[in-house]
Amino acid sequence: MLLIGSHVSFRSGDQLVGSVKEAISYGSNTFMFYTGAPQNTKRCEIKEKLTNEALEIMKENGIDIKNVIVHAPYIINLANNENKEKYSFSISFLKEEIKRVEKFGVEKLVLHPGSYTTQNIDTGINNIINALNEIITPDQNVKICIETMAGKGTEVCFKLEHVKRILDGVKHGDKLMVCIDTCHLNDAGYDMKKFDEFLKEFDNVIGIEKIGCVHVNDSKNPIGAHKDRHENLGYGTIGFDSLINIIYNEKLQNVPKILETPYVCKEGGKDRSYAPYKFEIEEIRNKKFNNNLYKDIRDFYEK
Ligand code: FE
Ligand code: FE
Ligand code: ZN
C-alpha cells in the first residue's frame, strides 16, 4: 500500500489530535510533525490524554503510528563542537526529544546532521558520530533517520559516503536509518530522473534496507546547485513523472513518503497561506499532473 502524507502542524493546544486531523483532511495515511516550532527548541509537555485520543482517531482511519515521522528542529547542530554550549545543548535536546517521540509511539525521528561551520568536514562527521554515541541508548525504540542534505553552505551528508561514515562510526548503528530527500539529493548532484541508478548506488554504499523515510519534493534549482529550495511537484527541475516513479518504486513500498513542498500564496500575495498537500496527494494517487494546481488551491481555500 502506498504510504503517503505530508508535514503537518503540531500545536500545544490539541497536540497530536490536531496533527492527525490535518493529515486526514489531506487524504494522507501517514504524516510528519515537529514536536513544536521547527525553528526553535521550546517544547510543551506531551499530554497522554490527547495522544490516546489521537491514536484512537488514527485507528479509525487506518493510520499506523509506526509509519508516522517526527522531524527534529533544524537549529540542532551536531556537526560543530567549537561552540561547546550549542553542541552540548543539541545533544541534551535530542536525548529529551527521543523520550518525547517514544511517548507517541513514533519510531522514526528525522535529523539534519548539521553544518561544520568554522571547522572542516572530517571534524564535522566526527562531531556527529561522538554526539550520536552520547545520545543513543541500546534500549531505545526510536530510529534516528539521518537526512541527506543539499550541501548548502557547510552542511554535512550531501554525499552518501558521509552518511555511511556516520552509520559505521556510531556504536549502536542499528538505531540509525536514513531519510532521503529528493530535493536535497537533486541539489547535491544525484540525478533523480535516474532513480534506479541512484538506488543501486545507495544499496552499494549504505544498503537499501536503511531507508526509513522519503521526503518527496521537487526542486527550484538545477542538479548540483547546493541550494535546498523545495518546489511543488512538477513545477521544478525534477519533474512530476520522475517523482511519481520514485513514489511508486517497488523497493520502497513500505517506506513512508512525506511531502514538504511549499505552501501557496494568495493571488499576488507573498505570504504562503495555503497548504498544497490535499491537491498534491490527489495528483499522486491519480498519477496525473495538475497544471492548474495554484488556481485550484486558491479556489478551494477562498471559496
Ligand atoms: Fe528535513
Ligand atoms: Fe526534507
Ligand atoms: Zn530542504
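Since this is a predicted model, take the numbers as computed values, not measurements. Quick note: numbers below take in every heavy atom, side chains included, and nothing from hydrogens, waters or symmetry partners. Ligands are counted one by one from 1 in listed order, and the atoms in each one are counted from 1 as well.
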Inset, instruction - Please name the atom of H184, restricted to N, O or S, that is closest to the Zn ion (ligand 3). - result: NE2
Inset, instruction - Tell me whether the centres of the aromatic rings in Y277 and F31 are closer together than 6.0 Å. - result: no
Legend entry - Under 3.5 Å side-chain donor-acceptor pair for Q15 and T51: no
Legend entry - Separation of E201 CD from I206 CD1 (nearest 0.5 Å): 9.0 Å
Legend entry - Considering only N, O or S atoms of D228, the one closest to the Zn ion (ligand 3): OD1
Legend entry - Donor-acceptor pair between D271 and Y263 side chains, under 3.5 angstrom: no
Inset, instruction - Give, for atom CG of N217 and atom CG of L243, the distance between the pair rounded to the nearest 0.5 Å. - result: 8.5 Å
Inset, instruction - Provide the tally of protein N/O/S atoms nearer than 2.8 Å to the Fe ion (ligand 2). - result: 4
Legend entry - Inter-residue atom distance K143.NZ - C213.SG, 0.5 Å rounding: 14.5 Å
Legend entry - Near-ring test H215/H7, centroid separation under 6.0 angstrom: no
Legend entry - Backbone or side-chain N/O/S of H230 under 2.8 Å of the Zn ion (ligand 3): yes
